[in-house]
Amino acid sequence: MTTRVRFAPSPTGYLHIGSARTALFNYLYARNTGGKFLLRIEDTDLARSTEESTRSILEGLAWLELEHDEEIVFQSDNADKHRATALKLLEEGKAYRDFTPREAPSDANVKDAIKERARANQGEKNMRDNQYRDLAKEESDAKAAAGEPFAIRLKVAEHGRTAFDDAVYGIQERDYAETEDLVLLRSDGHPLYNLAVVCDDIEMEISHVIRGQDHLTNTHKQILIYEALGVTPPTFAHLPLIMAPNKGKLSKRKHGEVVSMTTYRDAGFLAAAFRNYLALLGWSASEEQEIYTLDELIAKFSLSGIHRSNAVFNFSPDDPRKWTDDKAQWMNAEYIRTMPLVDLLPFVKAELKAAKLWREEYDEEGVALSANIPSTADLGPDGRPETVALDPREVGSRDWLIYTIDLIRQRFFTLKDFSTQGRAYFSEDFDFDPAAVAKNLTKFPDLKQWLPELADRFEAEFHSSPPYEGGVGAALSGRGGSRPFNEENIEIVVKAFTEEKGTKLGVIMNGARTMLTGVAVGPSMLSVFEIIGLERTLMRLRSQVAWNL
RNA sequence: GUCCGGUUCGUCUAGGGGUUAGGACACCGCCCUUUCACGGCGGCAACACGGGUUCAAAUCCCGUACCGGAUACCA
């Protein structure tokens, strides 16, 4: 028998981080067992469901690349079947009409009202004391025929207990006395959640129900429905919940965008990284590995690896650096700097395009951007990916792009960094980080003269022909009299210049870094000079913009 | 209130009768370095509490505390 699982969100908001993890676990289990991963939109409560929300959920799933099998099922489409099922149970005497007038739904604090009511009952309430429970069939039929509104309730037996063996929480038992005669059909004829879920799960031939632990008590109710219907229930696996830092409920109202999947997409997270992070929240393969490819997750996933205790999603709203979970951020950075360049490039391309920093020259006619990357997936002797062996000197070329990305990604955390922190590599229109300017420029007023002078020196050393009189030109390497603007040569020139000025190399280098890139961090400065290229270096060193801020 | 579940470093977790209680993130220090949020090395830091079983308990049992979930004609 093949496994059939489903992810069944109710479309009352975007894809929440907890739901996303539920979807992921269902997906992993389906793929692990060679089964089907189905999607069902639980829009039974039409008043609260929105199309917008359905779209947003689908978007989130698409971003995470959790592709579902078969057609999406909309629960509202099956309302007639649900109704028929309730009527059938009524016919069979397994349910009854409850003519008690419907209570006005308390709008504001439903949750609190319910809790209050439950507390007031002091556990003394007899769940079977409904006056219509044992009403004679004729009388019930007559009242119904007379047009009296009624809800249909399941007739739960007086004595006994429901039991099931949860794949995560083990044997769960509950005395019937704890379960009320649940409503299957509202007095307006509308089917309710528990009925709808059971009917649909049966119809969809679901073999495993993997969902949040908040459904643990619903499961007992649902089992009663399965029993009344004479259908063997599926296997249940309940997941621990994902909590806010204070161990309270994680919600949009309280915590805002951090809980929405699209936030991560928009913040430049890689789906693969976020998936990896999510997989490790409440599940582990009992080993020390942290980074898993999707295939590895699929291969290693098992219900027995799911935890029973809730996990905290850690973040501090008041600290911009920790706006979301540290580990999620680390994982994303780890992916960005170590994943095969071939896989990273399409994402960088999309980011640069969106920021209007993409140049046609980066694309080669009919060749995928990644096509000519040498085996960058191979790890170097230090366990890190090898640096790409391309010629970066033609600034703005395809080779230059790939080389540059590989260099700058080492200090990036999100895809956004390519268009923000790394903006100066791709555009003349970039901002200066005030802190960098203060630390590397204004602190050394001499640089205001020195850096343009350095530009002149570069121009003389690398441009003039014959070589610059009295310069270091003769020491520069190159073939046939050419003096390429490469790391080796740049170092010679900058060192000579520094000695001349009687200052420290760091002062010149850091000043130049800020002038060239607008920021204080980045790869080796010699590489930066090289990938910025001679022309842009001259221009930026001579620019006074940073000094006038 | 009642029912159900949970509790190992700040966080995610490994371990489930004998371990110097392991790893990751975060934090701190040192190294590398012209910078750095890369990298390398190191450090700080945990078995909720009380009983019991046992030669031996973080691990098994009971209780307490705390946390969470559920308790709708919501899903």
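First the proteins, then the strands, lettered A, B, ... as listed; each starts at 1. Keep in mind that what you see is a predicted model, and the values were worked out from it rather than measured.
A:L182 comes within 4.0 angstrom of nothing in the nucleic acid, heavy atoms only. Within the nucleic acid shown, A:M331 has no heavy atom closer than 4.0 Å to any nucleic acid atom. Among the atoms of the strands shown, base atoms are found under 4.0 Å from some heavy atom of A:Y193. Residue-level contact check: A:R308 touches the backbone only, with heavy atoms under 4.0 Å from sugar-phosphate atoms and none from bases. Among the protein residues, A:Q172 comes within range of the sugar-phosphate backbone only, with heavy atoms under 4.0 Å from sugar or phosphate atoms but none that close to a base. Residue A:E290 is in base contact, counting any heavy-atom pair closer than 4.0 Å across all strands shown. Within the 4.0 angstrom heavy-atom criterion, base atoms lie near A:S524. Base engagement by A:Q421 is indicated by at least one non-hydrogen atom pair under 4.0 Å involving a base atom. Heavy atoms of A:T100 sit under 4.0 angstrom from at least one base atom. Residue A:P240 is classed as having no contact, given no heavy-atom separation below 4.0 Å to the nucleic acid. At the heavy-atom level, A:K322 lies under 4.0 Å from the strands shown only through sugar-phosphate atoms. Residue contacts for A:R48: at a heavy-atom cut-off of 4.0 Å it reaches a base atom on one of the strands shown.
As rounded to whole Å, 15 Å separates atom C1' of B:G5 from atom CD of A:E173. Rounded to whole Å, atom P of B:A26 lies 8 Å from atom CH2 of A:W330. One interatomic measurement links the two molecules: CG of A:D214 to P of B:C74, which rounds to 18 Å at whole-angstrom precision. Taking atom CG of A:N246 as the reference point, atom C1' of B:G68 lies 11 Å away to the nearest angstrom. Atom-to-atom, CD1 of A:I17 to P of B:C12 comes out at 12 Å; the value is rounded to the nearest Å. Rounded to an integer number of Å, the gap from CD of A:E334 to P of B:C25 is 8 Å. A:W450 places its CH2 atom 18 Å from the P atom of B:U34, with the value rounded to the nearest Å.
Side-chain to base pairing of A:N218 with B:A75: one donor and one acceptor N or O lie within less than 3.5 Å of each other. With hydrogens and angles left out, the side chain of A:K247 and the base of B:C67 share no donor-acceptor pair within 3.5 Å. Side-chain to base pairing of A:T217 with B:C3: no donor and acceptor N or O lie closer than 3.5 Å to each other.
The same atom, P, is picked in B:G29 and in B:C44; the two are 15 Å apart, to the nearest Å. A gap of 14 Å separates the P atoms of B:A14 and B:A48, to the nearest Å. B:C38 and B:U20 have their C1' atoms separated by 33 Å, with the value rounded to a whole Å. Spacing of C1' atoms, B:C41 relative to B:A58, comes out at 30 Å, to the nearest Å. Remark: the separation of the P atoms in B:C49 and B:C55 is 24 Å, to the nearest Å. Look at the P atom in both B:A56 and B:A65: the space between them is 29 Å, to the nearest Å. B:C9 and B:A45 have their P atoms separated by 14 Å, given to the nearest Å. For the C1' atoms, the distance linking B:C73 with B:C67 amounts to 32 Å, nearest Å.
The pair A:K501-A:D446 does not count as a salt bridge, with every side-chain nitrogen at least 4.0 angstrom from each carboxylate oxygen. A salt bridge is absent between A:D431 and A:R423; no separation between the charged side-chain nitrogens and carboxylate oxygens falls under 4.0 Å. By the 4.0 Å N-to-carboxylate-O rule, A:R186 lies close enough to A:D188 to be salt-bridged with it.
Between the side chains of A:N194 and A:Q222, at least one donor-acceptor pair of N or O atoms lies under 3.5 Å. Using modelled atom types and a 3.5 Å distance limit, the side chains of A:N218 and A:Y193 yield no donor-acceptor pair. Counted by atom type alone, A:R174 and A:T219 present zero donor-acceptor pairs between their side chains at under 3.5 Å. For the residue pair A:H82 / A:D200, a side-chain donor-acceptor distance below 3.5 Å is found, with atom types taken as modelled. When only modelled atom types and interatomic distance are considered, A:N130 and A:D181 share no side-chain donor-acceptor pair under 3.5 Å.
Candidate nucleotides B:A70, B:A72, B:C74 were compared by shortest atom distance to the side chain of A:D45, and B:C74 ranks first. Of the candidates B:A26, B:A72, B:C74, B:C74 carries the atom nearest the A:L192 side chain, counting heavy atoms from C-beta on. Closest contact between the side chain of A:D325 and the listed nucleotides B:A24, B:U34, B:U11 involves B:U11. Closest to the side chain of A:T44, from the set B:A75, B:C74, B:A70, is B:A75. For A:M243, taking side-chain heavy atoms from C-beta onward, the closest of the listed nucleotides B:G68, B:U35, B:G39 is B:G68.
Aromatic ring orientation, A:Y264 versus A:W323: parallel (interplanar angle below 30°, classes split at 30° and 60°). The aromatic rings of A:F315 and A:F313 sit tilted, their planes meeting at an angle between 30° and 60°.
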Hey, what are the protein-to-nucleotides 57-66 of chain B N/O distances that come in under 3.5 Å?
none

Below 3.5 Å is the cut-off: list the nitrogen or oxygen pairs between protein and nucleotides 13-17 of chain B, distance only.
unit_1, atom_1, unit_2, atom_2, d
B:U13, OP1, A:G282, N, 2.5
B:U13, OP1, A:H307, ND1, 3.3
B:U13, O3', A:S284, OG, 3.4
B:U13, O3', A:H307, NE2, 3.4
B:A14, OP1, A:S284, OG, 2.6
B:A14, OP1, A:H307, NE2, 3.0
B:G15, OP1, A:S286, OG, 3.0

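Figure legend. B:U71 is base-paired to B:G1; pairs are counted as Watson-Crick or G-U wobble with both atom distances under 3.5 Å. Across all strands shown, B:U11 forms a Watson-Crick or G-U wobble pair with B:A24, both key distances being under 3.5 Å. Across all strands shown, B:U33 remains unpaired; no Watson-Crick or G-U wobble contact has both distances below 3.5 Å. The partner of B:U64, taking Watson-Crick or G-U wobble pairs whose two distances both stay under 3.5 Å, is B:A48. Of all nucleotides present, none satisfies the Watson-Crick or G-U wobble test against B:U59 with each distance under 3.5 Å.
Nearer the 5' end of RNA chain B, as judged by each residue's closest nucleotide, is the contact made by A:K221, out of A:S10 and A:K221. Positionally, the nearest nucleotide of RNA chain B for A:N314 lies more toward the 5' end than for the other of A:N314 and A:R513.
A donor-acceptor pair is defined here as one N or O able to donate and one able to accept, closer than 3.5 Å; no such pair exists between the side chain of A:D433 and the backbone of A:G518. In this structure, the side chain of A:H307 does not engage the main chain of A:S309 through any donor-acceptor pair within 3.5 Å.
OP1 or OP2 of B:C73 lies within a sub-4.0 Å distance of a side-chain N or O belonging to A:R153. OP1 or OP2 of B:C74 has at least one side-chain nitrogen or oxygen of A:R186 nearer than 4.0 Å. Considering only side-chain N and O atoms, A:R321 lies under 4.0 angstrom from the phosphate OP1 or OP2 of B:C27.
Taking the six-membered ring for Trp and the full ring otherwise, the centers of A:F485 and A:F458 sit less than 6.0 Å from each other.
Partners of A:S49 under the side-chain hydrogen bond (donor to acceptor under 3.5 Å, both in side chains) rule, at least two apart in sequence or in another chain, do not exist in this structure.
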